[in-house]
Number of protein chains: 2
Amino acid sequence: MIDKLEFLLALARERHFARAAEACGVTQPTLSAGVKQLEETFGVLLVHRGSRFRDFTPEGERVLSWARRIVGDARAMREEVHALKHGLNGRLRIAAVPTALAMVERVTTPFRERHPNVQFTVLSRNSGELLRLLDNLEIDAGITYLDNEPLGRVATIPLYRERYRLLISADAPLGNRDQVTWAEVAQVPLCLLTPDTQNRRIIDRLLREAGGDPQASLESNAMILLYAHVRTGRWASIMPARLAATLGLTEVLRAVPIVEPEASHTIGLVVPAREPMTPLTSALADETRRVAPSLAD
Amino acid sequence: MIDKLEFLLALARERHFARAAEACGVTQPTLSAGVKQLEETFGVLLVHRGSRFRDFTPEGERVLSWARRIVGDARAMREEVHALKHGLNGRLRIAAVPTALAMVERVTTPFRERHPNVQFTVLSRNSGELLRLLDNLEIDAGITYLDNEPLGRVATIPLYRERYRLLISADAPLGNRDQVTWAEVAQVPLCLLTPDTQNRRIIDRLLREAGGDPQASLESNAMILLYAHVRTGRWASIMPARLAATLGLTEVLRAVPIVEPEASHTIGLVVPAREPMTPLTSALADETRRVAPSLAD
DNA sequence: ATTACTTGATAGAATAACACTATCAATGTG
DNA sequence: CACATTGATAGTGTTATTCTATCAAGTAAT
C-alpha cells in the first residue's frame with residue numbers, strides 16, 4: 001500500500017508514468033498497475049489520462065495529500081527506529097535560498113560537532129522551488145524567507161534577519177558614503193539575482209517604492225558570480241549584510257548601509273509541519289534554535 | 001506494510017498473538033510472521049517474548065505510536081475518498097461515560113438530520129477505558145469529562161457543564177429542601193456508579209472535602225439501574241442535573257441542588273488529535289460545536 | 001495525408017510474497 | 001507429572017507482483 005502511494009507521489013512530481021517509474025526503481029507497467037490498483041481499492045479514478053498523463057482528479061489530489069503525509073510518516077518511523085539503535089545518522093537534505101547559502105554553515109558546523117555521523121546535502125534553490133521540494137519530501141528542511149511571501153503548511157524557526165548593503169567600489173559616485181538611500185541606489189546599475197528569487201523581488205520592491213525603476217545590468221542565480229563581478233570594483237550589487245561580511249571586502253570594495261527604509265527580512269529554517277518530526281529534522285530544528293540567539297541583532 | 005502495522009496494533013490491544021490474529025481475521029502464524037517481518041525490516045526486536053507475549057521493547061513502543069498514526073491516516077484517507085464519491089456515510093463509533101449517555105442524543109439527532117446515511121454505534125464506557133479505545137482507534141470519538149483528569153493527545157469540544165442533584169424521595173429527611181450541602185448529603189446512603197467511573201471519583205472527592213466518608217449502599221456501572229432503584233422512592237442518588245431532567249421525576253422523587261460548593265465539570269467530545277480529521281469525525285465535531293451553545297448555562 | 005515518435009495500457013511468464021494447516025517446543029498449572 | 005496454553009516453525013498451495021515484449025492512441029513533422 002505505502003509503495004503504491006509512493007508511486008503516486010512520484011507521478012505527481014514527474015507528471016509522467018515512465019519517469020515516475022524510473023524514479024521509483026520499477027518499470028512503467030508496474031507503476032501503471034500500482035496506480036490502477038489504488039484506483040480500484042478506492043473505487044475512484046485518481047488520474048485523468050488521455051493518451052498521456054493529464055492531471056489528477058479531485059479525489060486524486062486528496063489521496064495525494066494523504067499520501068504525502070503517510071509516506072512521510074512511514075519514513076520518519078524507519079528513521080527514528082534506526083536512530084534509536086545506531087544513534088543519529090543518515091543524510092539531511094537541505095535547500096537554501098542563494099542569499100542564505102553562506103549562513104548554512106552556522107547551523108551545520110555545530111550540528112556536526114554534536115552528531116558526527118550525519119551527512120549533509122545542501123542545494124541552492126529559489127524559495128518557490130524550495131517549498132515545492134519540501135512538499136514532495138525531496139528535502140528535509142529549507143532555509144528561506146519566513147516573513148515575506150506565504151509558506152504553506154510548514155513549521156518555521158527564525159535564524160537571523162537579513163539587512164541590505166550596497167556593495168560598491170570606493171571610487172564610484174556613492175562609494176565614499178556612510179549610508180545611501182534606496183532612491184540613490186536606484187540610479188546605480190546593479191548585479192542582482194534573477195527575478196525568480198525572493199531576494200530580487202524584495203529589492204525590486206524596495207527600489208520601486210523609492211521611486212526607482214529596477215533594472216539589473218547583470219543577473220545570475222549564483223551569488224558567487226555576482227560577488228566575483230563586484231570585487232573587481234567595476235560593478236555594484238546589493239547584498240545582505242551578513243553575506244557581505246562573510247565574503248569579505250577588498251581595499252576598494254565597500255559595503256554601504258542602505259536606508260530609507262532600513263529594510264530587513266527574517267531568514268530561518270522551514271521543516272514539514274509534522275508532529276512528531278523525524279529525529280534528524282528535529283535535531284536540526286534544535287540546533288537552529290540553539291544558534292539563532294548568537295545571530296540576533 | 002500497513003497491514004503489518006495493523007497486526008502490531010492488534011497485538012498491543014490483545015497482548016496475545018492468537019487473539020490479535022483473530023481480531024485481524026488472519027491465523028496466528030500469519031500474524032507472527034507479520035510482526036517478525038517488521039522486526040526484520042527495522043532490524044530491531046519490537047516484542048519481548050518468552051514462551052508468551054511479554055511486552056513491547058522501547059523500539060516497539062515507538063513503532064506502535066507511529067503505527068497508530070499511519071493506520072489512522074490510511075483509514076481516514078479511505079473514508080474521505082469514499083465520502084467524496086458517495087457523500088458522508090459509514091458508521092461512527094462513539095463511547096460515552098455513563099452520566100453523559102443520555103446527552104449523546106443531543107448530538108446524534110441533529111447529526112442524522114444532516115447526514116442520514118451515517119450509522120452509529122454508541123458504547124457506555126468509563127473514561128479511562130474510553131481513552132484507551134480512542135487511542136487504539138477502536139472508536140472514532142468519545143464523550144467524557146474534559147476538565148477533571150488528564151486526557152492525553154486528543155482534541156476536545158466542550159458540550160455542556162455537569163451539575164449535581166440529590167435525587168431523593170420527598171418523604172426522606174432531606175427530601176423537602178430547596179438545596180442541600182455536600183456535608184449533608186454525605187450522611188445519606190446513596191446509589192452511585194462504581195469507583196472505576198470518573199463521576200464516582202468526583203462525587204467521592206466532593207463528599208470527602210465536605211468532611212464526609214463516601215460509601216455507596218448500592219453501586220452499578222449502569223445509570224439506568226441506579227435510576228430504577230431511586231424512582232421507587234426508597235433509595236437516593238446523586239445525578240447530573242440534565243440527566244435527572246431527562247429521566248424525569250415522579251410525584252415523590254425530587255432533584256435537590258447540592259451546594260457548598262456548587263460543583264460543576266465540563267463534558268464534551270474528544271476525538272483523536274489528528275489533522276486533518278476523518279470526514280465523519282470532522283462532521284461530528286462540527287455538529288457538537290453547533291449544538292453546544294444551546295446547552296450552555 | 002503520411003510517417004515517425006511519444007506515451008501509457010495490456011498480455012504472458014517468472015518470481016516473490018502471503019496465508020493457510022499441521023505440528024512442535026517451551027512454559028505454566030492443577 | 002499429566003495437561004493446557006502459547007507462540008514458533010515447516011511445508012504447501014494460492015495470490016500478488018514485477019518483469020519483458022508488444023500494442024494502440026495520440027502528436028508532431030514532413
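All values reported here derive from a predicted model rather than from experimental measurement. Just so we're on the same page: letters track the sequence lines, and every chain starts at 1.
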C:dT7 P sits how many Å from A:Arg15 CZ, rounded?
-> 14 Å

Among A:Arg274, A:Arg91, A:Arg75, A:Arg93, salt bridge (charged side-chain N to carboxylate O under 4.0 Å, His left out) partner for A:Asp140 | A:Arg93

Do any side-chain nitrogens or oxygens of A:Ser32 fall under 4.0 Å of OP1 or OP2 in C:dA9?
-> yes

Length of the line joining B:Leu8:CG and D:dG7:P, which is rounded to integer Å | 14 Å

Counting only side-chain N and O atoms of A:Thr27, is one of them less than 4.0 Å from OP1 or OP2 of D:dC19?
-> yes

Carefully, step by step, assess A:Thr197 and A:Asn199 under the rule side-chain hydrogen bond (donor to acceptor under 3.5 Å, both in side chains).
-> CA-CA 5 Å; A:Thr197 64; A:Asn199 175 263; 5.2 Å; no

Toward the 5' end of DNA chain D, by each residue's nearest nucleotide, A:Ala33 or B:Phe17 | B:Phe17

Verdict with supporting geometry, B:Arg132 and B:Glu129, salt bridge (Lys or Arg N to Asp or Glu O under 4.0 Å) | CA-CA 5 Å; B:Arg132 195 191 62 75; B:Glu129 189 67 7; 3.3 Å; yes

Whole-Å distance, A:Gln37 CD to D:dA16 C1', equals 8 Å

Would you kindly give the CZ-to-P distance between B:Arg54 and D:dT6, to the nearest whole Å?
-> 14 Å

Closest-nucleotide 5' rank along DNA chain D - winner of A:Val26 and B:Lys36 | B:Lys36

Within 6.0 Å of CG in B:Leu218, more than 12 heavy atoms from elsewhere = yes

Closest of C:dA19, C:dG8, D:dG7 to the A:Gln28 side chain is C:dG8

Closest to the A:His16 side chain: D:dT9, D:dG7, C:dG8?
-> C:dG8

Does OP1 or OP2 of C:dT7 have a side-chain N or O of A:Arg49 closer than 4.0 Å?
-> no

Grab the CD-P distance between A:Glu6 and D:dT18 for me, whole Å please.
-> 12 Å

Between atom CG in B:Leu31 and atom P in D:dA8, what is the gap in whole Å?
-> 9 Å

Should B:Glu149 and B:Arg205 count as an ion pair when the cut-off is N to O under 4.0 Å?
-> no

Interatomic distance where CD belongs to A:Glu40 and P belongs to C:dT10 [whole Å] = 10 Å

Rounded to whole angstroms, how far apart are CZ on A:Phe7 and P on D:dT18?
-> 5 Å

